[in-house]
K.L.:
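Shown below is the structure under consideration.
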Amino acid sequence: QVQLVESGGGLMQTGGSLRLSCASSGVFFNAYTSYDMGWFRQAPGKEREFVAAIKWSGSSTYYADSVKGRFTISRDSAKKMLYLQMNSLKPEDTAVYYCARRKGPYSSGSYSWENPSDYDYWGQGTQVTVSS
């Protein structure tokens with residue numbers, strides 16, 4: 001069983017910062033370093049949208065235009081952890097944030113970085129609320 005558990009969400013004022021964490025466990029724990037990982041978010045009444053992703057090796061990162069320059073994705077292979085540092089937060093960043101495992105070990109397969117359907121395991125989400 002693959003488990004991903006997010007933490008670090010909360011209430012923040014505009015311009016503030018938060019750091020989200022995603023811990024992996026279960027059968028995925030030992031295979032964590034083989035998979036690309038991503039962060040998505042979903043606001044009330046909206047579709048789940050891509051935020052950021054990082055290759056299994058940590059060598060490349062990808063960001064949605066809306067967060068580029070403000071958010072930073074990173075991973076700690078030794079701790080099997082994924083992070084999302086969010087700076088200069090805006091009210092439009094308010095959403096439930098999810099970490100997810102991208103399909104295909106070692107970036108194999110023709111999977112997109114932005115499509116939620118190309119991620120196969122998800123955490124339960126953590127709420128981020130940014131007040132104006």
Side-chain angles (χ1 to χ4, degrees):
Q1 184 178 359
V2 175
Q3 283 189 314
L4 297 170
V5 180
E6 303 93 340
S7 61
L11 175 63
M12 182 59 62
Q13 290 187 332
T14 297
S17 297
L18 281 174
R19 188 195 196 203
L20 304 184
S21 299
C22 173
S24 62
S25 63
V27 296
F28 180 45
F29 186 80
N30 291 327
Y32 173 79
T33 54
S34 306
Y35 285 86
D36 306 323
M37 297 292 294
W39 286 99
F40 288 77
R41 67 186 181 187
Q42 188 166 18
K46 294 188 176 181
E47 297 286 318
R48 190 167 297 190
E49 66 173 0
F50 170 76
V51 174
I54 187 168
K55 288 196 72 170
W56 60 273
S57 60
S59 60
S60 296
T61 56
Y62 307 87
Y63 295 94
D65 288 343
S66 58
V67 307
K68 204 170 292 182
R70 300 189 297 122
F71 290 10
T72 302
I73 188 171
S74 62
R75 63 192 298 164
D76 185 327
S77 295
K79 296 181 180 179
K80 310 295 192 290
M81 294 289 294
L82 180 72
Y83 304 102
L84 185 68
Q85 177 67 42
M86 306 187 296
N87 299 328
S88 303
L89 284 164
K90 304 176 181 180
E92 50 264 43
D93 295 320
T94 295
V96 177
Y97 283 71
Y98 301 89
C99 64
R101 188 185 83 169
R102 187 169 176 256
K103 294 176 182 177
Y106 301 109
S107 302
S108 62
S110 302
Y111 303 112
S112 79
W113 293 101
E114 300 85 4
N115 189 343
S117 297
D118 287 333
Y119 290 75
D120 54 3
Y121 288 98
W122 295 80
Q124 84 290 346
T126 185
Q127 175 72 47
V128 171
T129 302
V130 184
S131 63
S132 57

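No experiment lies behind these values; they were computed from the predicted model shown.
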K.L.:
Ignoring hydrogens and angles, tell me if any N or O in the side chain of Y63 forms a donor-acceptor pair with the backbone of I73 under 3.5 Å.
P.N.:
yes

K.L.:
Can F40 and Y119 be said to form a ring pair (Phe, Tyr, Trp, His ring centres under 6.0 Å), step by step?
P.N.:
CA-CA 10 Å; F40 288 77; Y119 290 75; 4.8 Å; yes

K.L.:
Can you tell me how far apart OG (S7) and OH (Y97) are? Round to the nearest 0.5 Å.
P.N.:
15.0 Å

K.L.:
Write down the atom of S88, the atom of S17, and the distance for their closest heavy-atom approach.
P.N.:
N-OG, 4.3 Å

K.L.:
How close do S77 and T33 get, heavy atom to heavy atom, and via which atoms?
P.N.:
CB-CG2, 3.5 Å

K.L.:
Enter the distance from Q127:CD to Q42:CD here, rounded to the nearest 0.5 Å.
P.N.:
11.0 Å

K.L.:
Could you give me the CA-CA distance, side-chain angles and deciding distance for K79 and S21, then say whether side-chain contact (heavy atoms from CB on, under 4.5 Å) is met?
P.N.:
CA-CA 11 Å; K79 296 181 180 179; S21 299; over 6 Å; no

K.L.:
Under the side chain to side chain donor-acceptor pair (under 3.5 Å) test against D120, which residue among R101, K103, R102 passes?
P.N.:
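Passing option: R101.
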
K.L.:
With rounding to the nearest 0.5 Å, note down the distance linking CG in L18 to CZ in F71.
P.N.:
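The CG atom of L18 sits 9.0 Å away from the CZ atom of F71.
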
K.L.:
For K80, does its backbone N or O pair with a side-chain atom of S24 as donor and acceptor, under 3.5 Å?
P.N.:
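Yes; judged by distance alone, with no hydrogens or angles, the pair exists.
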
K.L.:
If the test is side chain to side chain contact (heavy atoms under 4.5 Å, CB included), which one of S107, S34, S108 qualifies with W56?
P.N.:
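So, applying the side chain to side chain contact (heavy atoms under 4.5 Å, CB included) to W56 and each of S107, S34, S108, only S107 qualifies.
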
K.L.:
Would you tell me whether Q3 and S25 have side-chain atoms, one donor and one acceptor, within less than 3.5 Å of each other?
P.N.:
yes

K.L.:
What about V96 and Y121, same hydrophobic cluster or not, with Ile/Leu/Val/Met/Phe/Trp/Tyr joined at side-chain heavy-atom distances under 4.5 Å?
P.N.:
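In one cluster: no.
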
K.L.:
Hey, is NZ on K46 packed in by over 12 heavy atoms from elsewhere, all under 6.0 Å?
P.N.:
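Open.
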
K.L.:
Between D65 and K68 (salt bridge meaning N to carboxylate O under 4.0 Å), is one present in this structure?
P.N.:
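Here D65 pairs with K68 in a salt bridge, since their nearest N and O are under 4.0 Å apart.
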
K.L.:
For residues I54 and V67: do they belong to one hydrophobic cluster (side chain heavy atoms under 4.5 Å, members Ile, Leu, Val, Met, Phe, Trp, Tyr)?
P.N.:
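Yes, I54 and V67 fall within the same hydrophobic cluster.
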
K.L.:
Looking at M86, Q85, K90, which hits side chain to side chain contact (heavy atoms under 4.5 Å, CB included) with R70?
P.N.:
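The single option meeting the side chain to side chain contact (heavy atoms under 4.5 Å, CB included) with R70 is K90.
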
K.L.:
Measuring from L84:CG to C22:SG, what's the distance to the nearest 0.5 Å?
P.N.:
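If we round to the nearest 0.5 Å, L84:CG and C22:SG are 10.5 Å apart.
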
K.L.:
Does L4 share a hydrophobic cluster with Y35, counting links as ILVMFWY side-chain heavy atoms below 4.5 Å and allowing steps through other members?
P.N.:
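Hydrophobic grouping puts L4 with Y35.
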
K.L.:
Test your reading of the model: is there a side-chain donor-acceptor pair from T14 to the backbone of S131, 3.5 Å cut-off?
P.N.:
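Present.
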
K.L.:
Counting N and O atoms only, with roles assigned by atom type, does the side chain of E6 sit under 3.5 Å from a partner on the main chain of C99, one being a donor and the other an acceptor?
P.N.:
yes

K.L.:
Give the C-alpha distance, both sets of side-chain angles, the deciding distance and a yes or no for side-chain contact (heavy atoms from CB on, under 4.5 Å) between Y111 and D36.
P.N.:
CA-CA 11 Å; Y111 303 112; D36 306 323; over 6 Å; no

K.L.:
Checking ring-ring contact (aromatic ring centres under 6.0 Å, His included) between W113 and each of F50, W39, Y62, which is the one that passes?
P.N.:
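With W113 as partner, ring-ring contact (aromatic ring centres under 6.0 Å, His included) holds for just one option, Y62.
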
K.L.:
Report yes or no: do L82 and V128 belong to one cluster of Ile/Leu/Val/Met/Phe/Trp/Tyr joined by side chain heavy-atom distances under 4.5 Å?
P.N.:
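They do share one cluster, since a chain of ILVMFWY contacts under 4.5 Å joins L82 to V128.
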
K.L.:
Any chain of hydrophobic side-chain contacts (each under 4.5 Å) joining Y83 to V51?
P.N.:
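Each belongs to a different hydrophobic cluster.
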
K.L.:
Would a distance-only check, ignoring hydrogens and angles, find a side-chain to backbone donor-acceptor pair under 3.5 Å from D76 to M81?
P.N.:
no

